[in-house]
Amino acid sequence: MEIVVNAAMSADGKLSSREREQIVISGPGDFDRVDALRAGSDAVMVGVGTVLADDPSLTLDGEQRRTERRERGDPADPVRVVADSRLRTPTDARVLAGDAETVLLASADAPAERATQLESAGATVVRAGERRVDLPAALGALDERGIGQVMVEGGGELIYSLFEDGLVDRLSVFVGSLVIGGRDAPTLADGDGFTTEFPDLALEAVDRIEDGVLLAYTAE
């Protein structure tokens, strides 16, 4: 399995403002690149905080890309995956709407009644870990379901946890030409942060897209 983290951040490294509202950082050129990356992935993954803040659908924007996926024998949209230890995803969330498959990664402690409600809304609940999602085990379960490439779109807590567990293979970051600021604003990798043994990255490419720059890394 390959884990590809993709994000857009401001020039000062913020994903959003301290109010956690969605902010447009990139433009049409990067939106199309992200849609192509989604189309080439088996699954698109976010943390529950992203679902609660942005209510994304995590489906493809372009019908042509859906057609191309069908022609190669894949579902029209990648599987949608949410890391949601306590199953806080709303039953009316957009990530549960439509025909695309949705998998919620939960802990063993997540309420059984809540799991039943979300399964009734169309989700598949996969439990891994006691109080919080055990990401290596959860991704192993996805691998057993035939998911080979997972595109991770955020947020900072999930991305940090993936780096902490040594699970990230590639990182692509669009850096936009704006400053957001704020000590409480989310960054690319939040969580507790590293104090020793920082994850190493190798810069593979730098490309200008409109008024921003795309940085492509591999994890070492």
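In this chain, numbering begins with 1 at the start of the sequence shown.
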Would you call Arg114-Glu119 a salt bridge at under 4.0 Å N-O? no
Side-chain donor/acceptor of Asp35 to backbone N/O of Leu60, under 3.5 Å: no
Would you say the side-chain atoms of Asp109 and Ser107 include a donor-acceptor pair closer than 3.5 Å? no
Is it the case that the side chain of Arg170 and the backbone of Ile3 share a donor-acceptor pair, with hydrogens and angles ignored and the cut-off at 3.5 Å? no
Is a donor from one side chain sitting under 3.5 angstrom from an acceptor on the other, for Ser161 and Arg132? yes
Side chains of Thr89 and Asp84 only: does a donor on one sit below 3.5 Å from an acceptor on the other? yes
Check: residues 193-203 side-chain donor-acceptor pairs under 3.5 Å, at least two apart:
none

Is the closest side-chain donor-acceptor distance between Thr67 and Glu71 under 3.5 Å? no
Kindly say whether Val133 contributes a backbone atom to a donor-acceptor pair with the side chain of Ser85 at under 3.5 angstrom? yes
Do the side chain of Asp190 and the main chain of Glu157 share a donor and acceptor less than 3.5 angstrom apart? no
Do Gln117 and Thr91 have a side chain donor and acceptor closer than 3.5 Å? no
Distance-only donor-acceptor check, side chains Asn6 and Arg33, under 3.5 Å: yes
Test: Arg208 and Asp211 ion pair at under 4.0 Å: yes
